[in-house]
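Read through the structure below, which is laid out as structure tokens, and then see the notes.
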Amino acid sequence: MAETKANLKITKEGQVYVVEFEDRKILDELAITQIGEQLSELVASEPGIRLLLNFKNVEHLSSAALGMLITLEKQVKEERGRLKLSNIRPQIFEVFKITRLNRLFEIHDTAEAALQAF
Amino acid sequence: MAKRKADLPTTEVVIPSRLDAARTVEEDILREVEKHGYQPDAAFAIRLSLEEAITNAVKHGNANDPSKHIRIRYAIDGGKVEIHVADDGPGFDPRCVPDPTSPSRLSLPNGRGIMLMRAYMDEVTYNDKGNEIRLVKRKA
């Protein structure tokens, strides 16, 4: 059963929560704050969460969105959970590479590969 | 309201210092970029850099004060895109911004905007006061 709030589609694949961003652009500060709050609530409600963020729809992403992901990654760690990212298109992956955040996050080419790696 | 100066092919727009107010200008600029035949990679770079420049102007330059203003000037032709974003703030010294990729700063959630603009644009310069950024992207 999928749940959709604040431009996110959240489903569960086995033990893993899979989040898809509905928006093509994750640029807007207010939207980013809302997404961050919703993901933070999810992580807080599921100690030890296994969380996969699927970026297949995302075509644009700002440094504010990167900041939200970093904050989320910290929270997941604090909650002894695991976070993975997948389906990041090359243009967006370049943003991760430039900022060296590809070293901070575990990034997989596909959701299937990420799910298998949990 | 955008006005076109007679002596320069430059469009100037002054907007309230709010991110939502900047959306229309951003879309106008991106439409013009597309109209002049820039490749998707260039459009991606320009959208990202413009977003970062305006966010910095609103948040840091104007300290989230909606009574202040952002002035955006841009000139786009078949050879290059040049965009200036100015705020009402006191300015800053861009040389003093730390490297966000250093190990001690990699896990901090902010401080990457300027780095991304420098990576994606051909030229990124500031005025002497440090409250106006100039972004240039040349057609490949």
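For clarity, every value in this text was computed on a predicted model and none was experimentally measured.
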Cluster check [X], [Y]: I/L/V/M/F/W/Y, side chain < 4.5 angstrom:
{"X": "A:Leu52", "Y": "A:Leu85", "value": "no"}
{"X": "B:Ile15", "Y": "B:Ile83", "value": "yes"}
{"X": "A:Leu42", "Y": "A:Val16", "value": "no"}
{"X": "A:Val18", "Y": "A:Ile10", "value": "no"}
{"X": "A:Leu51", "Y": "A:Leu8", "value": "yes"}

What part of [X] gets within 4.5 angstrom of chain A, counting heavy atoms only: side chain, backbone, both, or neither?
{"X": "B:Arg112", "answer": "both"}
{"X": "B:Asp99", "answer": "neither"}
{"X": "B:Leu19", "answer": "side chain"}
{"X": "B:Thr55", "answer": "side chain"}

Decide if atom [atom1] of [X] counts as having more than 12 heavy atoms of other residues, nucleotides or ligands within a radius under 6.0 Å.
{"X": "B:Asp93", "atom1": "CG", "result": "yes"}
{"X": "B:Lys59", "atom1": "NZ", "result": "no"}
{"X": "A:Lys77", "atom1": "NZ", "result": "no"}
{"X": "B:Glu27", "atom1": "CD", "result": "yes"}
{"X": "A:Asp109", "atom1": "CG", "result": "no"}
{"X": "B:Glu34", "atom1": "CD", "result": "no"}

Which atoms of A:Leu61 approach chain B - backbone, side chain, both or neither, heavy atom under 4.5 Å: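 The backbone, not the side chain.
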Qualifying residue for side-chain contact (heavy atoms from CB on, under 4.5 Å) with B:Pro109, from A:Met68, A:Glu73, A:Lys74: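 Of A:Met68, A:Glu73, A:Lys74, side-chain contact (heavy atoms from CB on, under 4.5 Å) with B:Pro109 is met by A:Lys74 alone.
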Atom pair CG (B:Leu48) and OG (A:Ser62), whose distance is rounded to the nearest 0.5 Å: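 Those atoms lie 7.5 Å apart.
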[X] versus [Y], closest heavy-atom pair with distance:
{"X": "B:Ser107", "Y": "A:Ile70", "result": "O-CG2, 3.1 Å"}
{"X": "B:Phe44", "Y": "A:Gln91", "result": "CD1-OE1, 3.4 Å"}
{"X": "A:Leu27", "Y": "B:Glu51", "result": "O-OE2, 3.3 Å"}

A:Glu29 vs B:Val58 side-chain heavy atoms within contact, under 4.5 Å: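 No; the side chains remain at least 4.5 Å from each other.
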Part of residues 92-108 of chain A lying next to chain B, heavy-atom separation under 4.5 Å: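 Residues A:Ile92, A:Glu94, A:Val95, A:Ile98, A:Thr99, A:Arg100, A:Leu101, A:Leu104 are the ones that qualify, each having a heavy atom under 4.5 Å from chain B.
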